[in-house]
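Data block below; observations after.
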Amino acid sequence: MNQPRIVVLTGAGISAESGVRTFRDNGGLWEEHRVEDVATPDAWAFDPEMVWRFYQARRRQLLEVQPNGAHLALALLQKNMKQFTLITQNVDDLHERGGSSDVIHMHGELRTLRCEASQRSEVRMQASDLTDDVSLCSCCANPVRMRPDIVWFGEIPMHMEAILNAVETCEVFIVVGSSGHVYPAAGLVDQANNAGARTILVNLEAPVNASAFDEILLGPAGELLPQLVDRLISDND
Ligand code: NAD
């Protein structure tokens, strides 16, 4: 049997059961901070120490959290499907640690830092990289300050060409744990619909763009996604 081309887009909700908090569920706060205070280029220009401390705490938190059943289910789906693309809005590394490979991080990653001069990213997760002290790059002759390797509000998401190519040619498009507020990610379901894909949503509650989906599964991703993955694998054996 010909297997369908599957694209999965995940958001903060898939990591909620691992203990990484979302921000829409907390009145627009992410770990007690207003998003505009920590996740914009203006915030970095105005108060880099505060933004740095916030992201260093998020980077240290990666060492304390583990992938949950939803991350593991997507790794299993990838192993069983010939044509599979995983796109995440998340900046944590729980998909990789759950066994997924070639994950497209459209909003950047916590485990890397970016040189402000050369724009090169480096994995920087040693204990000495995780203090509240400034980190300097190892690429420039005169090392310069590094910034969080995060796409902030007002910046352009990464890997958009690969993302659009995958979405516009997929046959099944699944969104997991995303409130549908952050664009362009929230609009990808429309592109999948235009391409004729079957669109499926797994979310705790109906998000603003719920009406765009063919099938809606409401509940915790850690419970519902393993069931959906079992169904997709057995349908395509
Ligand atoms: P969001 O915070 O706007 O929305 C999360 C959605 O997940 C909500 O609709 C909520 O109902 C749902 N949800 C909560 N718990 C769930 C569960 N157990 N199972 C299924 N669904 C659940 O998230 P977003 O749409 O991804 O946008 C937030 C932005 O902030 C992203 O761009 C991301 O880069 C960033 N962010 C990332 C992380 C992370 O990396 N883990 C955490 C917070 C925010």
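We count ligands from 1, going down the list as the structure has it; atoms in each ligand are counted the same way.
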Pocket residues of ligand 1, ordered first by chain and then by residue number (heavy-atom cut-off under 4.0 Å):
Gly11, Ala12, Gly13, Ser15, Ala16, Glu17, Val20, Arg21, Thr22, Phe23, Arg24, Asp25, Trp30, Gln89, Asn90, Val91, Asp92, His107, Gly177, Ser178, Ser179, Val182, Asn203, Leu204, Glu205, Gly219, Pro220, Ala221
Would you list the atom pairs, donor with acceptor, under 3.5 Å between side chains in residues 173-184 and any protein atom, with sequence neighbours excluded?
unit_1	atom_1	unit_2	atom_2	d
Ser178	OG	Gln89	NE2	2.9
Ser179	OG	His181	ND1	3.3

Does the side-chain contact (heavy atoms from CB on, under 4.5 Å) test come out yes or no for Leu225 and Leu74, once each step is laid out?
CA-CA 8 Å; Leu225 199 56; Leu74 289 182; 3.7 Å; yes
Other residues, nucleotides and ligands only: do more than 12 of their heavy atoms fall within 6.0 Å of CD on Gln119?
yes
Of the non-hydrogen atoms in Arg124 and Ser135, which two are nearest, and what is the gap between them?
NH2-CB, 4.2 Å
Partner of Ser15 by side chain to side chain donor-acceptor pair (under 3.5 Å), out of His71, His95, Arg21
His71
Basic-acidic side-chain contact under 4.0 Å: Asp129, Arg111
no
